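Every value quoted in this text rests on a predicted model; they were computed, and no experiment measured them.
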Amino acid sequence: MDKLLLEAALEGLTLQLDRVAGQIAQVQAMMGKRKAGRPKASESASGAVAAPKKPKKRRTMSPEARERIAAAQKKRWAAYRKATK
């Protein structure tokens, strides 16, 4: 093929690549995603890092629920032992 034709094709493809990369960046910005290394908007505006979240409180299990679970597990182990004999 002609070298000029290949160069023109390469230039056209490069322009398309730049256009698509710009569109991808716009969609990511709309979705709230950010590129690596760039600070979040909340960090750059105030210069401070957001406060850490509180850990979620663990749910406690009632003694009756623990007994039901233990009984079910013992039943499963008994069936397993019976099947392996």
Side-chain angles (χ1 to χ4, degrees):
M1 290 192 133
D2 187 32
K3 186 176 179 181
L4 290 175
L5 181 64
L6 291 174
E7 287 176 355
L10 181 61
E11 186 176 337
L13 290 172
T14 304
L15 290 173
Q16 285 182 356
L17 180 63
D18 291 341
R19 183 180 53 83
V20 170
Q23 290 175 345
I24 289 172
Q26 286 177 342
V27 171
Q28 286 177 336
M30 290 168 44
M31 291 175 57
K33 292 188 176 185
R34 60 188 179 93
K35 292 183 179 179
R38 291 179 52 196
K40 291 182 182 176
S42 62
E43 293 174 1
S44 62
S46 63
V49 178
K53 294 181 182 179
K54 292 182 182 178
K56 289 186 177 181
K57 193 174 187 180
R58 292 192 67 156
R59 294 172 62 178
T60 57
M61 195 179 303
S62 70
E64 294 83 15
R66 275 190 239 123
E67 287 177 18
R68 286 193 306 267
I69 292 171
Q73 187 63 34
K74 287 178 184 177
K75 184 177 177 182
R76 285 190 290 270
W77 273 109
Y80 171 77
R81 288 188 189 104
K82 185 178 179 182
T84 58
K85 282 187 179 181

Practice prompt. Considering non-hydrogen atoms only, spot the tightest contact between Met61 and Arg66 and give its length.
Written response: O-NH2, 2.7 Å
Discussion item. Rounded to the nearest 0.5 Å, what separates atom CG in Leu15 from atom CG in Leu10?
Written reply: 9.5 Å
Item to complete: Would you check if there is a donor-acceptor pair between the side chains of Gln16 and Arg19 at a distance under 3.5 Å?
Response: no
Worksheet entry | Glu11 atom CD, over 12 foreign heavy atoms within 6.0 Å | no
